[in-house]
Amino acid sequence: MRELVWPIIGLLFGLRSVMQAQRDVRRLRTSGETFGAGRSTEFPLIILLVACASSALWWIAAQQFEQDLTVLGFGVLIAISVRLMLIDIDTHLLPSSIVYRAIALAIPLLVLAAFNDPTGSIGTMFLGAIIMWVLMKTLEVLSRGDLGGGDVRLALLLGLYTGWLSLEHVAIAVVAAFAAAGLFALALVVLRRAGRRTHIAFGPFLIAGALLSVLR
């Protein structure tokens, strides 16, 4: 039964996330805060595609974790990730209000899950968040603005989830994110779709790396 219930829940959360992202993008563009001009949220089939992808990811989470509370906790990550990915692709922004609310929701969920699921650790959860934040903050300073503060805040959220499992998962998430971003940037340069000064939203790669790490 749970193999049917969780994908349905994931489908509903996916629908909600994409509609929230569409609203967020419109609001940010109206306020003039955006730095990107993507149109992913306007794609005709985006609602269907995102809902199906969300359903599939929730199903994978249900296969990965035996405890339903853990599935719910990581389902929240999937829902927030979908929303933030779409926003960042279209605007090159990761709204701090969304990220901080997600962190405030994730911490109690993951703490409760750790009490019922030996898979997780509260200690490495917070350590993972600190490590990932310090790494991204250092890169933000070294990059002199190429890496945004939104990516640094996002690292706290993703560090909580990957660290909950282990520090190895944190490392895998970071390596996967930078490898994917590097290959994507190289492909754009080869195809002459980008130059050295082209800015690419890094949030989606961070999110993809984290999801790969925790759901593999």
Side-chain angles (χ1 to χ4, degrees), residues 1-29 34 36 38-110 113 150-151 153-158 160-162 164-165 169 173 176-177 180 184 201-216:
M1 178 63 72
R2 73 193 297 268
E3 292 189 1
L4 177 63
V5 170
W6 285 119
I8 292 175
I9 294 174
L11 181 73
L12 296 175
F13 267 91
L15 290 171
R16 182 172 184 268
S17 294
V18 69
M19 288 188 288
Q20 285 178 321
Q22 290 174 329
R23 181 198 64 199
D24 294 329
V25 170
R26 287 194 297 268
R27 176 179 57 81
L28 289 168
R29 285 194 170 137
T34 61
R39 291 289 185 267
S40 69
T41 52
E42 298 174 14
F43 183 66
L45 296 178
I46 191 64
I47 294 178
L48 176 63
L49 292 174
V50 169
C52 290
S54 174
S55 179
L57 289 172
W58 279 70
W59 180 84
I60 293 172
Q63 305 306 305
Q64 185 80 2
F65 305 110
E66 295 182 0
Q67 298 294 326
D68 287 339
L69 186 57
T70 305
V71 178
L72 178 61
F74 280 83
V76 169
L77 171 65
I78 294 168
I80 294 298
S81 294
V82 167
R83 183 180 179 183
L84 289 174
M85 265 187 163
L86 292 171
I87 294 172
D88 201 15
I89 290 170
D90 281 6
T91 68
H92 289 194
L93 290 172
L94 291 164
S96 57
S97 59
I98 299 175
V99 176
Y100 288 143
R101 283 199 300 268
I103 291 172
L105 180 59
I107 290 176
L109 275 175
L110 292 176
D151 297 315
R153 290 187 291 271
L154 178 62
L156 274 175
L157 175 65
L158 302 181
L160 286 171
Y161 278 98
T162 53
W164 189 86
L165 290 167
H169 284 79
F184 181 74
F202 189 55
F205 296 103
L206 277 175
I207 292 169
L211 290 177
L212 173 67
S213 175
V214 300
L215 298 178
R216 61 192 171 88

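All residue numbers in this chain count up from 1 along the given sequence.
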Name all pairs fulfilling the salt bridge (charged side-chain N to carboxylate O under 4.0 Å, His left out) condition that reach into residues 92-107, sequence neighbours left out, sorted by first residue then second. none

Given 3.5 Å as the limit, does a donor-acceptor pair link the side chain of D88 with the main chain of A201, or not? no

d(I207 CD1, L212 CG) to nearest 0.5 Å is 13.5 Å

Could you state the interatomic distance from CG (L154) to CD1 (I103), rounded to the nearest 0.5 Å? 8.5 Å

Could you report the tightest heavy-atom contact between V50 and G14, atom names first, then the distance? CG1-O, 3.8 Å

Nearest 0.5 angstrom please: L94 CG to L206 CG, how far? 8.5 Å

Roughly how far, to the nearest 0.5 Å, is CD of Q64 from CH2 of W59? 11.0 Å

Can you tell me how far OG1 of T70 sits from CG of L109, rounded to the nearest 0.5 angstrom? 10.0 Å

Any sub-3.5 Å donor-acceptor pair from S55's side-chain atoms to P7's backbone N or O? yes

Might you work through the side-chain contact (heavy atoms from CB on, under 4.5 Å) test for M19 and R83, ending with a clear yes or no? CA-CA 8 Å; M19 288 188 288; R83 183 180 179 183; over 6 Å; no

If the condition is ring-ring contact (aromatic ring centres under 6.0 Å, His included), which residues does F184 pass it with, not counting sequence neighbours? F205

Report yes or no: does R29 contribute a side-chain atom to a donor-acceptor pair with the main-chain N or O of R26 at less than 3.5 Å? no

All heavy atoms of G209 vs all of A176, minimum pair found to be CA-CB, 4.0 Å

Applying salt bridge (charged side-chain N to carboxylate O under 4.0 Å, His left out) as the test, list every pair that has at least one member in residues 59-76; sequence neighbours left out. R2-D68

ring-ring contact (aromatic ring centres under 6.0 Å, His included) with Y161: which residues, sequence neighbours excluded? F74

For the residue pair V71 and A62, what are the closest heavy atoms and their distance? CG2-CA, 3.9 Å

Hits for ring-ring contact (aromatic ring centres under 6.0 Å, His included) against W6, two or more places apart or cross-chain, chain-then-number order -> W58

Heavy-atom check, side chain of L158 versus side chain of L77, under 4.5 Å: yes

Any side-chain heavy-atom pair from D24 and I98 closer than 4.5 angstrom? yes

Write down the atom of D151, the atom of G203, and the distance for their closest heavy-atom approach. OD1-N, 3.4 Å

May I ask you to test the R16-Q20 pair for a side-chain heavy-atom distance under 4.5 Å? yes

Return the minimal non-hydrogen interatomic distance between C52 and L11, and the atom names on each side. N-CD1, 4.2 Å

Please lay out, stage by stage, how F43 and L49 fare under the test side-chain contact (heavy atoms from CB on, under 4.5 Å). CA-CA 10 Å; F43 183 66; L49 292 174; 3.7 Å; yes

Residues two or more places apart in sequence or in another chain: which of them pass side-chain contact (heavy atoms from CB on, under 4.5 Å) with T41? A21, Q22, V25, L86, D90

Any sub-3.5 Å donor-acceptor pair from S54's side-chain atoms to G10's backbone N or O? yes

When you compare the side chain of I87 with that of P95, does any pair of heavy atoms fall below 4.5 Å? yes

Side chains of L160 and W164: closer than 4.5 Å at any heavy-atom pair? no

With rounding to the nearest 0.5 angstrom, report the OG to CD1 distance, S17 to I80. 6.5 Å

Which heavy atom of P204 sits nearest a heavy atom of M85, and at what distance? O-CE, 3.2 Å

Any side-chain heavy-atom pair of L211 and S81 under 4.5 Å: yes

